[in-house]
Each structure stands twice: as C-alpha cells, then as structure tokens.
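Remember, it's a predicted structure, so these values are computed and weren't measured experimentally. Below, chain A is the first sequence line, B the second, and so on; all start at residue 1.
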Amino acid sequence: MKDKPALLKLASVSKAFGGVQALDDISFEFDAGLIMGLIGPNGAGKTTLFNVITGAYVPDSGAVSLDGIPIQGRRIQDIVHLGISRTFQNVELFESMSVIENIMVGRHVRTRSGFWSAITRVPAIRREEKALRERAQELLDFVGLADQADRRSGDLPFGWQRLLEIARALASDPKLLLLDEPAAGLNAVETGRLGELIGNIRDLGVTVMLVEHDMALTMSVCDQIIVLDQGCMLAEGLPREIQSNAAVMAAYLGNG
Amino acid sequence: MTPSLKKGVAYALACSAIAGIGLAATNPYHLQVMTFIGINSLLALGLNLLMGYAGQISLGHAAFYGIGAYTTAILTATYGLSPWLSLPMAVAAAALVAFLVGMPTLKLSGYYLGMGTLGFGMIAFIVFREWDGVTGGASGFVGIPPLAVGPLNLSSGRNYFYLVWGVLLVAILVCRRIIDSRTGRALRAIHDSENAARAVGVGTMHLKLQVFVFSAAVAALAGFLYAHYVSFISPGTFDFLMSVRMVTMVVIGGMASIWGAILGASLLTLLPEWLHAFSDLEMVVYGLIMMGVMIVMPQGLTRGILDLYERARERHER
Amino acid sequence: MEAFVQYLFSGLTNGAIYAVIAIGFSMLYSATELINFAHGEFVMLGALGLVTLWGGLHLPLPAAFALTVAGAALVGFLFERTAIRTVKKPHPIVLVIITVGASIFLRGGAMMIWGKDAHSVPPFSGHPPIDVAGAKLLPQSIWILVIAVVLAVGLFYFYRRTLTGKAMQATAINKWGAWLSGIPSERMVLLAFVMSTGLGATAGVIIAPITMCSYDMGTMLGLKGFCAAMLGGIGSLWGALAGGFTLGIVEALAVGYVSSAAKDAVAFILLLLILYIKPSGLFGTADASRF
C-alpha cells in the first residue's frame, strides 16, 4: 500500500537499567507532518524513550528507524545529521555564548569548516560563515528573538531561553524535532505562544514530537498521542480518544 | 565600534607596541625577559585554548614543551639537522604524542582528567631525566645551535625578541580565528554543556582531541624557540611545577581570554625576576601571591580588575 | 630468592609510607572533594620537624613525634582557615592552584628555616638489622609497618565507632544532608584538614630515619602517595592502604628487576593504567566522572 516508509518507526524497543525495565517492548510509527504527543505519569519512560530515539542510549533490543534508515546504535552526531534534534527538559543552552552563536552551533552538522580552514579562512569558509549567520538570524526571527542576537544567552529570561533552545534545535534542519516538556516553567501567556510556535514549526514541514505535562497544551496542539506507563505502551490515538480512555485515566489517577 | 574592529585595533596596537619596545630596549637583560615573556605567552595561549575555551584541564602540558625542546635539541645538536627542518619534526612529535595520549585520557573528565595528564607529564619528565644517552639526563643537554636565516643571525637579543613576538602575534591571530570559527564555537559549547553540545551533533571527543593536539603543537613550538634561545636545556625546566605554572598563567590572567593569557604569562615571568631581590624569601612570596590572587580574584586578573573598575565607576556615578 | 625478599621488604616499607600519605589524601578528598597538592609538603614538615625536635633539641622521641605531628596539623589548620575557607568561588582549578601555591610557600618557608642541605636522623631504635631468609630487615621498617597498620586500624574504628567519625563520613557522603541533620559540616571539613595534614606529617616522621630530609623532599612523595590513593580508589580507607602497598612493592620489584631509572615512573604508569582501565580504583565504587 504505502511506498513511503514511516518517518519514525520503533519496533519492539526495550531498555533496562540494572533491574529496572525503563522501556518494555515499545512499538509505534508515525508519518511526517504530524505533531505527536507523548504523555504518561512520572517515571513512565518518556525521557528514556527520547534518549533512545536521539541516540543518547542504545536500546537493549528492538529497532528504531528514521525514514526507513535504521538508527539504533549510531553516533548522536550521525542521527542529528539524518534529521532528529531535540530540546531538554531543563533548558541546556551554551550560556556564556551569545544568542546567535547558540544557533550557529546548532547548525554544526550542516556546516563543514574545520580546524585548518578556520585558520586559513579560505573564501568558501567565509561564504559558509556568512550564510550561517543569515540562517541563524532567520531562525531568531522565526521564534521572535530577532533583536536579542548579540545578548549573552545565559542572561535571557527563562521563557526566551526555551524559545532559543527550540531555535537551536531547528538549526540542524531536522525532519523530526523532539521537545522535552517545552512548557515547563512557562506562564499561561508564554504557553499559549508556545502552542502557536509548535504549529508554525509543523507548517515548516518539521514533524514534532513532544513530552508534556500540560494537558491543555498537549490536547490542543497534538494530532496523535502516545501514552506510556511504567515503560509500556498504554494507548495510542487521537487526543479525544485518549481523553476518554479508561486505562489512561486509571494510570493517571493511580488506581490501576 | 564593532567587536571585530575593536579586536583589530587592539591587535594593531599590540604590534606597534612590540615594535616600539624592540627598538627602545637597549638593555640586553630587558630584551631577554621580554623574550621569555613571549615564549611563556605562547605556552599560555595554547593551553588557554584547551582550558579556557574547551574547558579541559591539563596538568602535564610541560611535557609537550619539553618534547619540542628535546626533539629539536637532539635533531640539531646530535644529528646536525638544520633547525628549520627540525622545527616541523619537533611540532609533529608533540602532536603525535598528544594524539596517542589524548585518545584514552580525554575520555576522563574533571579531576580525573587532571590526574591523567599529571601522570603523563611526570612520565615524560622522568624520560627526559633518565634517558641519559639521548637527552643528556639530569645534567641537561648542551650545545643547541642558534637560529639563523641565511646571513641573518637570530641569536642576538633584539632579533630573537622580534622572532618570538612575531611568532606569538601570528599565534594570536590563529587562535582568534579558531575561536571565531565553527570549531571554536563548538569548543566553547563543550565547555558550557558537553551534553547539549553532543545533542546538537558536535563530535565532542574528536574536537577535544583536536584542540589537545593543537595546544600540544603550540607548546612544542614554544619549546623549539626556548631551546634555540638558551642553547642548554635540562629536565627541571619541564617538570610538574612548569605544568602548574602554565595552568596558573592561564587562570591568573583569566580563562577564555587571549590577552588574559598574555597578561598571566607576563606576570608569572616577571614575578621571579622581581622577587630575586628577596633572595631566600622568593619562594615564600611567590606562593603567597599565587594563593592571594586566587583567593581574591578567582576569575583571574582580567576579570577581577574589570570588576573593580566597574564597581569604582558605579560608585562614582552614584 | 634472597634478592626477592629484600625487594619485598623495601617495597613493604615504602608501601607503608605511601599508604599513610594516601590515607591523608583520601580522607581529605572524601570530606571536601579537594586534592591537596601541598600534602607532600606536610610529609616534609614532619621529617624536618623530627630532625629539629629529636635530632637537634634531643627531646624524647615520643614527645618529638607528637609535637611534630601537632605542629604540622596546626599548619594544616591555619591553611584551611586562611586559604581554603576564604575562597569565594571554589572552582576545582582555583583550589588546585591555591594548594600548589601553598606547597611552594611551605617549601620556601622550610628552605629558610632548615636551609638547602639535607639532614638525617638515626633510626627510632638502635637494634641491628634482622636476618630473614638471607635478606636484611631494618628495625625502622618494622616501626614503619606497625605504625601504618595501627593508624589504618585506628582510623577504621574512628569512622565506625565514634560519633565524630560517623559525622565526618556523613558529611563526606552528603554535605547538605549532614548539615540538615545538625552536623557542623564546616567543622568536619576543618577536622578532615587537620587529620589529613597530621597523617602526612606522621608519614614524614617515620620515613625520616631512612631518607635524606630536605625542604624539597615532599613533592615526589606527595605525588606518589596521591597515585597510591587513586590506585586503591580515592575516598576509600582500605583502598588507600592497598594502593600504597601495591605501589611500594611494584616499585621495588621494578627497581630490582628492571632498572633503578624506572623507580619514579612506576607510580605514574600505574596511575595512567588505573585511570584508563578502572578510574574508580581497584577497590573504589565511586562514579569516575564526578567533579
């Protein structure tokens, strides 16, 4: 039927730490162009799953593929190059560097200049540097931080740091963007704007997958939702299906 | 003024200051001290790239300084090679050793990295000291030929001063370019958050190794300049204390600042010269100053003095 | 065989010294996460203190021993109060430079007091060497071994049985938690400093009769004791003891069967090996990348 493979496909992925089964036989797949939600109670394995997809952890068993290319066990930089990027739960910026430099580092895998070309500054490298700076500025415009380019990123207010981290993750031209609790620590107004931004990111053609505790946000922006509980897949479906799913309610309310 | 223009102006000022000092200085002792400042600045500059920008400590960098010095000493004095041929070999030898040592060592971090580099530095020092037949052992290596370009003898005080500071200015330019490049940004990113750097696709291990090798090569270049200047080298110059002195130059000047590295190198070169007046008290005072600066200004002198200046200005404006 | 036993004796003797130095390192590290590069200078202070008090002033040996150790511990106390406590931003690199500065300061001070020449003291007891399987065992070696083992066992009981010892361990494991449960963690750090420097001086006192005592003797001993601590797993008492003896014996065998030039290199080669293979040390369990 389908001649194009799914954007992201997990087949029977498991991962244990010591005696704890953090992920147990997880399988799902989805196509490009969606906003996927990943929810579950604390300790459900959401962050572990992110770490497996981004290559920070190697799964004990199972397969992960992006556009049909297997990625499990590859180096993180190769996976970023193939088109997956992420943000962190507690915002990890390069704080001593300027806002625009953060984004320029984010584009590391799409640029080439090395040690020697940096020293010699051949014309090709100057051109690359110029194009890089322009692209970084575009991304700043996109997230609404255009006039902050030269500020030290650690000095930005927290909400802006989140936006910058998203812009940095977009700089590597990802096919799939993983957002780890992007609304944590944001106020209601900022969360509303974040929802819009996520929609805009999808409109750019980037598929988004987010872990989020803010249910209002998750339900309003996501096209599909996956629910994890204690390392297992609990449910998968449209937001309103999830909202009425008895097992999900039980897991969240703790009477399962 | 844009930042890059400011940097350009600072650089031009530094160039003319050096030319001026070279012309004005008539006292051979002053020229000699200035030459040593140049050599030490080169050491601090290379280590600063590793420590200040990439955030990786090395307590064994004197080894690369020594490898540069001993390689050129052996090749020129023992085997009669031209110094200009031994220069690339000395630098390559240090770079190769740095590559081999760096691969397992840079996997460590924090104190453990410090310890690993310390161990390597001590082993290198012991090799310089014990390999009598080749290095001259504890009594040192004599008869390293002076440098010359055709008829121009570089061994005179003023000429060598210009040579060393010329090399240093080129090295500053090179470091500047590296710091402002894709590689340099990635290095600074590793310093700020190695985790995030990895997540955006920076090959952290590869990059750390590159900068380790580069800083070793710069140290070897300094070793080459040192050996041909003093014509006699001994293991004591490349011991653990030298490694610590290099780290101190970087930290006291202020990490992640090129001019800070040069300020630190100048201070640590001048200090013993000034302290000679104290004779027996020299070490005591030296130790006290090291401790005092770090207690009062843990960010280094560059940052510390800027802070003082800003505080004074604020008070003034109020 | 004779030669082997002789090497073993020499290895055990040096090993005991390294062990005592390593325990000092380890104790301080576990309480403060600080590597004291001036630790070797306290060994030197111990040796030269004995030279003056016992060799020079002819105090009775136990009194000279105790006074020397107390004096060095007092220096350690002042060091912590003036140079460590006062640091505003205790970044590890800053602390490394401060302790190196202190080591230069102490060495310079010792040079002013004791001069540049080496001194020596007689063994603790005047007995002749004991003959074991054809090899000679010096009575001083027995003194050293006994004192090292007694110190280790004593410390073990201190940590296990006394309230202060337990409090110190609690501080080492979790400073904040210890503070919450009412343990004065600042005082524990100070105590760790005093005990650590006192141990260093003890190593100096017991090694004094079998070495040349001079103002610059401490650096290499300190670094080797440090290697021994890493070898056994820094922060662990038994690790430090085992690391010290391992280092001493391997070093003695290397000197005997390879070359005396290899002597100083052994410690650092072992250090690199352990860091590459098992950074937590032979007996340690701590996380390797902890800063």
Problem - Check: B/Arg182 side chain, A/Thr111 main-chain N or O, donor-acceptor pair, under 3.5 Å - result: yes

I'd like to know which of [options] tops the heavy-atom pair count under 4.5 Å against chain B.
{"options": "A/Ser172, A/Gly106, A/Ser96", "answer": "A/Ser96"}
{"options": "A/Thr87, A/Asn102, A/Ile84, A/Val80", "answer": "A/Val80"}
{"options": "A/Val105, A/Asp150, A/Val109", "answer": "A/Val105"}
{"options": "A/Arg86, A/Arg75, A/Glu95, A/Glu101", "answer": "A/Glu101"}

Tell me whether [X] at atom [atom1] has more than 12 heavy atoms from other residues, nucleotides or ligands lying less than 6.0 Å away.
{"X": "A/Arg193", "atom1": "CZ", "value": "no"}
{"X": "B/Trp84", "atom1": "CH2", "value": "yes"}
{"X": "A/Trp160", "atom1": "CH2", "value": "no"}
{"X": "A/Arg126", "atom1": "CZ", "value": "no"}
{"X": "B/Met205", "atom1": "CE", "value": "yes"}
{"X": "A/Phe17", "atom1": "CZ", "value": "yes"}

Completion exercise
Among B/Thr183, B/Asn195, B/Val174, the residue with the most heavy-atom pairs under 4.5 Å to chain A is B/Asn195

If you look at every heavy atom in [X] and [Y], which pair is closest and at what distance?
{"X": "A/Phe94", "Y": "B/Asp192", "value": "C-OD2, 3.0 Å"}
{"X": "A/His108", "Y": "B/Ala186", "value": "CE1-CB, 3.5 Å"}
{"X": "A/Ala118", "Y": "B/Ile178", "value": "CB-CA, 4.4 Å"}
{"X": "A/Glu129", "Y": "B/Asp180", "value": "OE2-O, 3.5 Å"}

Measuring only between side-chain heavy atoms, which start at C-beta, is [X] closer than 4.5 Å to [Y]?
{"X": "A/Glu92", "Y": "B/Val200", "value": "no"}
{"X": "A/Gln77", "Y": "B/His206", "value": "no"}
{"X": "B/Arg185", "Y": "A/Leu132", "value": "yes"}

Region of [X] in contact with chain B, defined by heavy-atom distances below 4.5 Å:
{"X": "A/Thr120", "result": "backbone"}
{"X": "A/Phe88", "result": "side chain"}
{"X": "A/Arg168", "result": "side chain"}
{"X": "A/Arg121", "result": "both"}
{"X": "A/Ser85", "result": "neither"}

Exercise for the section: State the OG-CE distance between B/Ser193 and A/Met97, to the nearest 0.5 angstrom. Expected result: 11.5 Å

Problem - Reported OG-to-CZ distance for the pair A/Ser113 and B/Arg177, which is rounded to 0.5 angstrom - result: 11.5 Å

Practice task
Would you check, one step at a time, whether the test side chain to side chain contact (heavy atoms under 4.5 Å, CB included) holds for B/Arg198 with A/Thr54?
Solution key: CA-CA 10 Å; B/Arg198 226 180 274 132; A/Thr54 56; over 6 Å; no

